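Below you'll find the structure, written out as structure tokens, and then a few comments.
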2 protein chains.
Amino acid sequence: MKERKGAPDEPIRMPITIEEGIDFSIIELMFFAYRDFTSDPDEILADYGFGRAHHRVVHFVNRLPGLTVAELLEVLQITKQSLARVLKQLIDTGHIVQVQGLRDRRQRELYPTAKGRNFLLMLARPQSRRIHAALEGESAAGRLSIERFLKGMVNPELRAQIDHLPGNMSGKDDGKQ
Amino acid sequence: MKERKGAPDEPIRMPITIEEGIDFSIIELMFFAYRDFTSDPDEILADYGFGRAHHRVVHFVNRLPGLTVAELLEVLQITKQSLARVLKQLIDTGHIVQVQGLRDRRQRELYPTAKGRNFLLMLARPQSRRIHAALEGESAAGRLSIERFLKGMVNPELRAQIDHLPGNMSGKDDGKQ
DNA sequence: TAATTTATGTCAACACTGCTGACATAAATT
DNA sequence: AATTTATGTCAGCAGTGTTGACATAAATTA
């Protein structure tokens with residue numbers, strides 16, 4: 001019994017391409033695109049002793065000032081222990097302040113300070129430049145396709161949440177047309 | 001001297017929207033899209049005691065069978081110590097085999113086994129479903145816009161590399177038109 | 001042939017950011 | 001008065017990136 005149908009550890013020399021209709025090309029484009037998209041802020045963050053998680057917190061606190069800790073956890077979908085580490089640092093460094101809730105005094109409303117707002121702008125600028133460059137020459141229809149695609153990649157349960165963020169046309173492009 | 005121009009730790013109550021022309025909406029769409037895009041394979045990987053790094057290695061070894069360790073490091077842009085950890089596990093579990101280079105016997109050519117190929121298909125299937133759903137109803141022009149955008153997000157130096165992966169129309173959509 | 005460079009592997013330590021489990025406090029609700 | 005809720009905190013672990021140092025075998029150069 002030598003070499004029956006494909007010995008288990010035989011090297012496969014044929015590249016995978018569109019097996020089963022799977023588009024590996026887009027899968028790896030997502031990897032490359034996201035890696036490079038995050039690389040610019042990552043470098044800046046490192047200069048401040050921060051990481052990517054800090055960017056996310058600063059981003060959403062600037063986007064939704066006054067949101068509570070529980071709401072932030074819901075948006076980020078991480079545990080409170082993960083958040084605590086980075087949030088504490090951002091508060092200690094004066095980028096974010098907590099304000100006790102008025103209705104419910106257990107809640108801590110999170111707000112950016114001027115320092116925190118400027119910090120987000122610093123992080124977002126290179127990403128914005130990259131986005132503008134990637135959209136250069138795209139028609140309005142093309143841009144809509146791109147936004148529709150990105151939104152379509154998000155789990156359906158969360159799309160509503162996205163619509164409620166400032167500057168997003170609520171309910172637009174809900175999938176079917 | 002009480003409260004001059006914006007006390008440093010004053011909470012800012014105004015949401016950030018399109019300050020300086022920065023599109024925060026697309027920035028956070030990238031975050032949500034990538035997070036959910038990776039969540040499906042992540043769950044499967046966890047069942048096998050693997051992580052996202054294993055997926056990447058299996059992906060590129062299947063896409064470029066016979067590539068050397070140095071070439072894989074170049075594509076992934078990580079250090080050999082990072083790679084060593086996950087590559088060793090994939091070899092020990094029979095997903096990948098190493099073949100000594102013919103021209104240069106120092107090199108280790110990496111190939112997937114049948115097990116490794118099937119594993120990649122298992123990981124890629126849910127991602128492919130998500131992509132197809134997100135592209136549903138898009139015109140050919142819309143799909144081109146989306147691919148052009150993703151490619152445009154990648155650092156220019158690396159775009160050539162992407163073109164050389166199997167199934168990618170080389171040189172297509174190089175930015176200018 | 002001898003010396004050097006290259007491709008790869010390995011050991012150790014550290015950083016960041018997820019996770020779980022456990023426990024504490026204050027405020028709201030029942 | 002008892003319970004639930006919102007938040008905080010301590011401790012430990014996992015995955016994946018990093019740097020630095022050193023080892024080996026094979027290729028290249030002098």
Side-chain angles (χ1 to χ4, degrees), chain A residues 31 34-36 38-39 41-61 66-92 96-110, chain B residues 31 34-36 38-39 41-61 66-93 96-110 123:
Chain A
F31 162 60
Y34 194 73
R35 182 185 65 187
D36 290 353
T38 51
S39 66
D42 281 356
E43 277 180 38
I44 299 168
L45 288 157
D47 294 341
Y48 289 79
F50 291 152
R52 201 174 290 182
H54 298 83
H55 185 178
R56 288 171 184 163
V57 171
V58 170
H59 177 100
F60 287 107
V61 169
L67 91 173
T68 64
V69 170
E71 286 164 348
L72 183 52
L73 292 176
E74 175 66 23
V75 171
L76 296 175
Q77 298 199 148
I78 58 175
T79 59
K80 65 177 174 179
Q81 295 92 329
S82 296
L83 175 62
R85 233 167 357 208
V86 304
L87 182 56
K88 191 174 190 313
Q89 290 177 277
L90 289 168
I91 291 169
D92 289 348
I96 290 177
V97 288
Q98 288 180 313
V99 175
Q100 197 172 47
L102 284 180
R103 319 154 291 184
D104 189 333
R105 280 160 36 226
R106 290 171 304 179
Q107 294 183 331
R108 303 280 178 273
E109 296 175 355
L110 304 172
Chain B
F31 162 60
Y34 194 74
R35 182 185 66 186
D36 291 351
T38 50
S39 65
D42 281 355
E43 278 181 36
I44 300 169
L45 287 156
D47 294 340
Y48 289 79
F50 291 152
R52 203 175 288 182
H54 298 83
H55 186 178
R56 286 171 185 163
V57 171
V58 170
H59 177 99
F60 286 108
V61 169
L67 91 172
T68 65
V69 170
E71 287 165 347
L72 183 52
L73 292 176
E74 175 66 24
V75 171
L76 296 175
Q77 298 198 148
I78 57 174
T79 60
K80 65 176 174 180
Q81 295 92 328
S82 295
L83 175 61
R85 233 165 358 207
V86 302
L87 182 55
K88 191 174 190 315
Q89 291 177 276
L90 290 167
I91 291 169
D92 290 347
T93 50
I96 290 178
V97 287
Q98 288 181 314
V99 175
Q100 197 171 46
L102 284 180
R103 321 153 289 187
D104 189 332
R105 284 167 25 231
R106 289 172 305 183
Q107 294 184 331
R108 303 280 179 272
E109 297 175 354
L110 304 172
L123 296 173

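Chain identifiers are assigned alphabetically (A, B, ...) following the order of the sequence lines, protein sequences preceding nucleic acid strands; residue numbering begins at 1 within each chain. Only heavy atoms go into these numbers, but all of them, side chains included; no hydrogens, no water, no symmetry mates. All figures in this text were calculated on a predicted structure; none of them were measured in a lab.
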Between N or O atoms, less than 3.5 Å apart, protein on one side and nucleotides 1-3 of chain D on the other: list the pairs.
none

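Put simply, CD on Glu43(A) and OH on Tyr48(A) are 13.5 Å apart, with the number rounded to the nearest 0.5 Å. Taking OG1 of Thr93(B) as the reference point, atom NE2 of His54(B) lies at 7.5 Å (rounded to 0.5 Å). Atoms CG and CZ, on Leu110(A) and Phe60(A) in that order, are 13.5 Å from each other to the nearest 0.5 Å. In this structure, the separation between CG on Leu87(B) and CZ on Arg108(B) is 11.5 Å, given to the nearest 0.5 Å.
What separates CZ of Phe31(B) from P of dT17(C) is a distance of 12 Å, to the nearest Å. Put simply, CD on Glu43(A) is 14 Å from C1' on dT18(D), counting in whole angstrom units. A straight line from CZ of Arg35(B) to P of dG18(C) spans 10 Å, rounded to a whole angstrom. Atom pair Asp104(A):CG and dT4(D):P shows a separation of 17 Å (rounding to whole Å applied). The CZ-P distance, from Arg103(A) to dT29(C), rounds to 11 Å in whole Å. The nearest whole Å value for the distance from the CG atom in Leu67(A) to the P atom in dA6(D) is 14 Å.
The shortest non-hydrogen separation linking His55(B) to Pro41(B) is ND1-CB, 3.6 Å.
Contacts classified as salt bridge (Lys or Arg N to Asp or Glu O under 4.0 Å) and involving residues 46-61 of chain B (residues at least two apart or in different chains) are given here: Asp42(B)-Arg52(B).
With respect to Leu72(A), the side chain to side chain contact (heavy atoms under 4.5 Å, CB included) criterion is satisfied by exactly one of Leu76(A), Thr68(A), Val69(A): Leu76(A).
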Quiz prompt | Reading 5' to 3' through nucleotides 7-17 of chain D, protein heavy-atom contacts under 4.0 Å coded B for base, S for sugar-phosphate only, - for none | solution = BBBB----SBB
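Secondary structure note: stems in DNA chain C built from 3 or more consecutive Watson-Crick or G-U wobble pairs under 3.5 Å occupy C:1-30 with D:1-30.
For dA28(C), the OP1/OP2 oxygens have a side-chain nitrogen or oxygen of Arg105(A) closer than 4.0 Å.
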Side-chain polar contacts of residues 96-106 of chain A - donor-acceptor pairs under 3.5 angstrom, sequence neighbours left out - could you list them?
residue: Gln100(A); atom: NE2; partner: Arg105(A); partner atom: O; Å: 3.0
residue: Arg103(A); atom: NH2; partner: Gln107(A); partner atom: OE1; Å: 3.2
residue: Asp104(A); atom: OD1; partner: Arg106(A); partner atom: N; Å: 2.9
residue: Asp104(A); atom: OD1; partner: Arg106(A); partner atom: NE; Å: 3.1
residue: Asp104(A); atom: OD2; partner: Arg106(A); partner atom: NH2; Å: 2.9

For residues 77-86 of chain A, which side-chain N or O atoms pair as donor and acceptor with protein atoms under 3.5 Å away, sequence neighbours left out?
residue: Thr79(A); atom: OG1; partner: Ser82(A); partner atom: N; Å: 3.4
residue: Thr79(A); atom: OG1; partner: Ser82(A); partner atom: OG; Å: 3.1

